Amino acid sequence: MILLKLLPIFLGLYCVESATTFSNLKCHESLDKASQPYLASKRPYVYDPSREREFEFTPEGCNPVKFWFFGRHGTRNPGDDDIILMQTVLPLVHQEIVSAIEMGLDQLCPEEQKIISSWKPWPGLNVSEESFLVEQGRRELLQIGARYKSRFPNLFPDVFDNSSYYFKHTAKQRTQASAEAFAEGIFSDIEDVWMPPAEDPDPVLKFYDACPKWIEEVDENEEANIEHNTFVVSAVMNKTISKVSTRLGLIRNLTLEEITIMYTTCAFETAWLNGTITSPWCVIFDLDDFKVMSYREDLEYYWIDGYGHEINYKQACPPFKDAVNYFQKHLDNPSADLRKVQGYFSHSGANLKMLAGIGLFPSIEMTAANFEDVKDIYTWRSSVMDTMASNMAFTLFSCPKDGVEEYQIGYYFQEMPKPFPGCGGKSFCQFSELKKNFAPYVDTCDLAEICAV
């Protein structure tokens with residue numbers, strides 16, 4: 001098992017007072033936990049136990065027989081570029097802010113001045129561990145695994161067996177460690193848990209890396225992301241930079257790189273602390289600033305991973321084809337099919353394309369020019385659908401009726417039953433209905449043909 005280099009959490013490095021300091025921020029309409037819906041894809045995983053009582057996870061008269069899971073890795077370290085900026089650029093900007101506060105040039109309230117002044121670079125960050133899963137991410141996946149086991153105990157035997165379980169991850173440390181954490185939530189002791197070697201690229205878990213058409217026409221094509229590139233130099237973004245610079249009392253405007261790493265650090269540090277304490281860097285933004293910064297992220301995800309280009313979601317059929325085949329195998333020969341749980345651990349790039357592929361979170365077209373019109377109503381929000389540890393799952397249910405075996409399928413997003421187009425807008429439906437609705441998508445799922453240049 002990979003030995004995670006877990007980030008130590010020394011809250012004293014951040015707090016000059018108790019944690020309640022972070023929950024009473026009022027000056028300039030700054031935000032505490034209310035900022036989390038605007039942290040884009042770096043937002044920590046959100047689980048509300050009270051919602052368990054709102055849903056039925058198993059249809060009446062049915063028994064779960066098979067479970068299929070696809071999840072993004074948990075909370076991680078930043079990438080190498082961001083780590084370097086956090087360790088070089090950010091401390092210099094911080095010095096400027098502290099000097100401005102000491103000279104009385106800023107517009108922060110005393111409480112916020114203390115919070116931002118007390119900031120120190122996060123301990124233990126190292127480029128050699130860029131994008132590694134951290135302790136918070138391990139807990140996220142462990143708890144998700146444990147909760148699914150509690151919902152469907154008959155599907156999750158206490159002892160690992162290759163015939164009952166199949167877990168697979170990509171070639172990255174963060175997905176392997178996430179898979180191991182998920183398994184730990186089921187078994188506690190994972191010494192005997194076997195997982196196949198990672199494929200690179202993996203045609204199911206990272207189908208986009210095996211798609212030349214997407215790589216050429218979208219990923220490596222600047223024109224495909226023109227809306228995002230236009231927005232970052234727009235009047236809206238420049239106004240935000242100017243406003244934050246003035247609020248901090250700086251005698252110059254921040255650069256785009258600087259305000260970006262400040263926002264990124266706000267998100268990562270908050271995620272590392274499970275959202276229980278907000279990063280000091282979050283106090284410098286107000287609600288309007290957060291809307292601008294998160295829209296910038298979501299705009300890129302819309303065009304690179306979402307509904308912006310057809311190839312983004314058209315290529316996302318392999319995981320769903322895998323799920324349908326997995327369930328069909330049971331229908332074809334129940335007695336010979338012993339596997340109960342099939343779990344995959346992947347990345348944001350797969351999660352977003354898959355959500356668009358099955359028609360979830362449809363949004364009006366997002367552009368650089370229509371920010372003011374859509375900022376409060378657009379639905380393609382990564383802070384909702386692509387948080388750390390985001391996940392989706394299907395469960396196949398046996399539902400005997402009048403002596404005849406019938407099968408239903410349930411869809412779950414972020415662990416909760418969710419209506420989706422494949423079930424005609426319902427959370428549960430006959431497996432035959434799902435197959436019929438998915439047929440145009442999965443029956444023609446030939447990645448070589450879809451991705452041919």
Side-chain angles (χ1 to χ4, degrees), residues 1-7 41 44-45 47 66-77 129-152 155-210 271 318-320 322-323 326 339-354 386-395 412-415:
M1 173 181 177
I2 287 182
L3 297 176
L4 298 178
K5 302 295 186 179
L6 306 177
L7 289 177
S41 64
Y45 186 68
Y47 169 71
K66 292 179 82 68
F67 180 78
W68 185 94
F69 177 91
F70 198 104
R72 183 189 177 196
H73 58 76
T75 295
R76 61 172 175 82
N77 276 337
E129 296 170 3
E130 62 95 14
S131 298
F132 275 27
L133 195 77
V134 299
E135 172 61 15
Q136 170 57 27
R138 188 190 72 85
R139 287 198 298 267
E140 289 165 347
L141 269 298
L142 183 150
Q143 291 166 1
I144 292 170
R147 286 193 293 265
Y148 267 123
K149 180 179 181 178
S150 70
R151 296 181 191 116
F152 305 120
L155 280 183
F156 289 82
D158 291 329
V159 178
F160 176 83
D161 185 280
N162 282 341
S163 62
S164 298
Y165 290 96
Y166 180 79
F167 299 126
K168 195 177 185 186
H169 54 79
T170 71
K172 298 296 184 180
Q173 182 273 353
R174 57 190 178 275
T175 57
Q176 179 174 346
S178 292
E180 291 170 349
F182 185 89
E184 187 178 350
I186 300 169
F187 308 111
S188 297
D189 182 2
I190 64 170
E191 183 178 352
D192 296 327
V193 174
W194 175 87
M195 300 183 194
E199 298 180 68
D200 192 15
D202 190 300
V204 174
L205 276 66
K206 286 191 80 176
F207 47 84
Y208 48 96
D209 278 356
F320 299 112
D322 179 272
Y326 170 58
R339 185 175 298 171
K340 295 178 179 292
V341 176
Q342 192 146 298
Y344 295 125
F345 302 85
S346 186
H347 303 267
S348 170
N351 177 56
L352 289 169
K353 295 176 183 69
M354 290 168 65
D386 194 41
T387 65
M388 299 291 189
S390 281
N391 60 89
M392 66 179 74
F394 290 100
T395 301
Y412 308 83
F413 180 71
Q414 313 298 44
E415 300 183 62

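The shown structure was predicted, so the numbers you read here are calculated from the model rather than taken from an experiment.
Nearest heavy atoms, Asn77 versus Glu129: ND2-O, 3.0 Å. Scanning all heavy atoms of the two residues, the minimum distance from Ile186 to Gly145 falls at CG1-O, 3.9 Å. Closest approach of Lys168 to Pro197, counting heavy atoms only: CE-O, 4.5 Å. Considering all non-hydrogen atoms of both residues, Thr387 and Arg72 come closest at O-NH1, 3.2 Å. Taking every heavy atom of both residues into account, Gln173 and Phe132 meet most closely at OE1-CA, 3.1 Å. For Tyr148 against Glu415, the heavy-atom pair with the smallest separation is OH-CA, 3.2 Å.
In this structure, CG on Leu141 lies 11.5 Å from CE on Met388, to the nearest 0.5 angstrom. Annotation: the span from Phe345 atom CZ to Phe69 atom CZ amounts to 5.5 Å, rounded to 0.5 Å. If you take CD on Glu199 and NE2 on His169, they are separated by 11.0 Å, rounding to the nearest 0.5 Å. Put simply, OG1 on Thr175 and CD on Glu180 are 9.5 Å apart, with the number rounded to the nearest 0.5 Å. The OG atom of Ser390 sits 8.5 Å away from atom CD1 of Ile144, with the distance rounded to the nearest 0.5 Å. Between Phe167 atom CZ and Asn162 atom CG the span is 10.5 Å, to the nearest 0.5 Å.
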For the pair Asp386 and Ser348, evaluate side-chain hydrogen bond (donor to acceptor under 3.5 Å, both in side chains) and give the outcome as yes or no after the intermediate values. CA-CA 6 Å; Asp386 194 41; Ser348 170; 2.4 Å; yes
When you look at Phe70 and Phe320, which way does the side chain to side chain contact (heavy atoms under 4.5 Å, CB included) test go after all the steps? CA-CA 10 Å; Phe70 198 104; Phe320 299 112; over 6 Å; no
Under the side chain to side chain contact (heavy atoms under 4.5 Å, CB included) rule, what do Phe207 and Lys353 come out as? Steps first, then yes or no, please. CA-CA 10 Å; Phe207 47 84; Lys353 295 176 183 69; 3.8 Å; yes
Give the C-alpha distance, both sets of side-chain angles, the deciding distance and a yes or no for side chain to side chain contact (heavy atoms under 4.5 Å, CB included) between Asn391 and Gln414. CA-CA 5 Å; Asn391 60 89; Gln414 313 298 44; 3.8 Å; yes
What verdict does the side-chain hydrogen bond (donor to acceptor under 3.5 Å, both in side chains) test give for Tyr344 and Asp322, after you've listed the backbone C-alpha separation in whole Å, the side-chain angles of each residue and the deciding distance to 0.1 Å? CA-CA 11 Å; Tyr344 295 125; Asp322 179 272; 3.0 Å; yes
List the steps and the verdict of side chain to side chain contact (heavy atoms under 4.5 Å, CB included) for Arg147 and Tyr47. CA-CA 11 Å; Arg147 286 193 293 265; Tyr47 169 71; 3.3 Å; yes
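Under the side chain to side chain donor-acceptor pair (under 3.5 Å) rule, Thr75 has a single partner from Arg138, Gln136, Arg139, Glu140, which is Glu140.
Without hydrogens or angle criteria, Glu184 side chain to Asp189 main chain gives no donor-acceptor distance under 3.5 Å. A distance-only check finds no donor-acceptor pair linking the side chain of Thr170 to the backbone of Ser346 [under 3.5 Å]. Checking side-chain atoms of Ser178 against main-chain N and O of Gly74 turns up a donor-acceptor pair under 3.5 Å.
With a 4.5 Å cut-off on side-chain heavy atoms, Tyr208 and Pro201 do not count as touching. Counting heavy atoms from C-beta outward, Phe160 and Ile190 have side chains that stay 4.5 Å or more apart. The shortest side-chain heavy-atom distance between Gln176 and Met195 does not fall under the 4.5 Å cut-off. Arg151 has its side chain out of reach of Tyr412: every pair of non-hydrogen atoms, C-beta onward, lies at least 4.5 Å apart. Using a 4.5 Å heavy-atom threshold, the side chains of Lys172 and His73 count as separate.
With salt bridges taken as basic N to acidic carboxylate O contacts below 4.0 Å, none links Asp200 and Lys206.
Aromatic rings of Phe67 and Phe156 (six-membered ring for Trp) have centroids within the 6.0 Å cut-off, being under it. Within the 6.0 Å centre-distance limit, the rings of Phe187 and Tyr165 are counted as a close aromatic pair.
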